[in-house]
Amino acid sequence: QVQLVEYGGGSVEAGGSLRLSCAGSGMTRTHYCMAWFLQGPGNARQGVAGISTSDGDTVYADSVKGRFTISQDNAEKRVTLQMDSLKPEDTARYYCAVDAGDCLTSSLNRPNWFIYWGQGTQVTVSS
């Protein structure tokens, strides 16, 4: 059984940085898409960034390109989301999720593809 635990998050002023980490266990395949989604109050989950564990290929939502960077420590089955130049609209609960297989361009638009989810961590950006 795959389990995901998120670390990081918190509160920061606009323009600041935060780092989120997700540690996975029970992941026995070579190919996974590990991704981050955000969800604001009353809103659907939106994809932020994803990384294919097989080759490190990444996908990003347009809204975070150039500001967020996803990386992995494959040996540890851990992914990190470095969030820079944060904006108030980035405020949300952030979830780590895993799908079997490599990330596709459309992966971030398909949260229902992701089978395993962490408990989420809150990110609050004040103006």
Side-chain angles (χ1 to χ4, degrees):
Q1 180 75 5
V2 173
Q3 292 186 323
L4 303 170
V5 179
E6 296 109 334
Y7 302 90
S11 299
V12 68
E13 292 186 350
S17 299
L18 286 172
R19 179 177 295 180
L20 306 181
S21 292
C22 173
S25 61
M27 296 170 62
T28 59
R29 298 171 182 256
T30 303
H31 294 251
Y32 289 98
C33 178
M34 295 188 73
W36 289 94
F37 288 79
L38 64 81
Q39 186 170 25
N43 296 329
R45 289 186 182 180
Q46 302 173 44
V48 176
I51 188 165
S52 296
T53 60
S54 60
D55 57 13
D57 277 356
T58 57
V59 290
Y60 291 95
D62 288 342
S63 60
V64 306
K65 284 180 180 177
R67 299 190 299 123
F68 292 10
T69 303
I70 189 170
S71 59
Q72 66 172 342
D73 180 338
N74 211 7
E76 298 293 328
K77 288 296 187 285
R78 179 186 293 267
V79 294
T80 298
L81 184 68
Q82 178 66 39
M83 304 186 294
D84 298 319
S85 302
L86 282 161
K87 304 175 181 180
E89 51 263 43
D90 295 321
T91 295
R93 192 163 185 85
Y94 284 70
Y95 295 87
C96 178
V98 168
D99 178 31
D102 295 334
C103 294
L104 304 177
T105 304
S106 56
S107 291
L108 299 182
N109 297 324
R110 299 287 189 267
N112 54 300
W113 286 1
F114 289 78
I115 303 171
Y116 304 105
W117 293 83
Q119 79 283 359
T121 185
Q122 181 66 32
V123 170
T124 302
V125 185
S126 59
S127 57

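All residue numbers refer to positions in the sequence shown, counting from 1. Not measured: the values here are computed from a predicted model.
- Residues passing the side-chain contact (heavy atoms from CB on, under 4.5 Å) test with Ser107 are Cys33, Cys103, Leu104, Trp113, Phe114, sequence neighbours excluded.
- Each side-chain hydrogen bond (donor to acceptor under 3.5 Å, both in side chains) pair with one or both residues in residues 2-11, not counting sequence neighbours, appears once here: Glu6-Gln119.
- The heavy-atom pair separating Gln39 from Ala92 by the smallest distance is O-CB, 3.6 Å.
- The distance from the OG1 atom of Thr28 to the NZ atom of Lys77 is 9.0 Å, given to the nearest 0.5 Å.
- Atom CD of residue Glu13 and atom OG of residue Ser127 lie 9.0 Å apart, to the nearest 0.5 angstrom.
- Thr121 places a side-chain N or O within 3.5 Å of a backbone atom of Gly8 that can act as its donor or acceptor partner.
- Asp84 CG to Arg19 CZ: the interatomic distance, rounded to the nearest 0.5 Å, is 9.0 Å.
- A salt bridge is absent between Lys87 and Asp90: the closest approach of a Lys/Arg side-chain nitrogen to an acidic carboxylate oxygen does not fall below 4.0 angstrom.
- Closest approach of Ala14 and Pro88 over heavy atoms only: CB-CD, 4.0 Å.
- Rounded to the nearest 0.5 angstrom, Thr80 OG1 and Leu20 CG are separated by 9.0 Å.
- At a threshold of 4.5 Å between side-chain heavy atoms, the hydrophobic network of Ile, Leu, Val, Met, Phe, Trp and Tyr places Met34 and Val2 in one connected group.
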Legend entry - side-chain contact (heavy atoms from CB on, under 4.5 Å) between Val79 and Trp36, intermediate numbers included: CA-CA 9 Å; Val79 294; Trp36 289 94; 3.8 Å; yes
Legend entry - Evaluation steps, side-chain contact (heavy atoms from CB on, under 4.5 Å), between Gln82 and Ser17: CA-CA 7 Å; Gln82 178 66 39; Ser17 299; 3.9 Å; yes
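- Separation of atoms CG (Leu38) and CZ (Arg45) is listed at 10.5 Å; rounding is to 0.5 Å.
- Ring-plane geometry between Phe68 and Tyr94 is classed as tilted, the angle between the planes lying from 30 to 60 degrees on a 0 to 90 degree scale.
- In this structure, the side chains of Arg78 and Ser21 come closer than 4.5 Å at one or more pairs of heavy atoms.
- In the model, Ser52 has no side-chain atom that pairs as donor or acceptor with a side-chain atom of Asp57 under 3.5 Å.
- Using a distance-only test at 3.5 Å, with no hydrogens or angles considered, a donor-acceptor pair links the side chain of Thr53 to the main chain of Thr30.
- No path of Ile, Leu, Val, Met, Phe, Trp and Tyr side chains, each step under 4.5 Å between heavy atoms, connects Tyr95 with Val59, placing them in separate hydrophobic clusters.
- Separating the CG atom in Asn109 from the CD atom in Gln46 is a distance of 10.0 Å, to the nearest 0.5 Å.
- Remark: the backbone N or O of Gly66 is not paired with any side-chain donor or acceptor of Tyr60 at under 3.5 angstrom.
- The hydrophobic clustering, which links ILVMFWY residues whose side-chain heavy atoms are closer than 4.5 Å, places Phe37 and Val64 apart.
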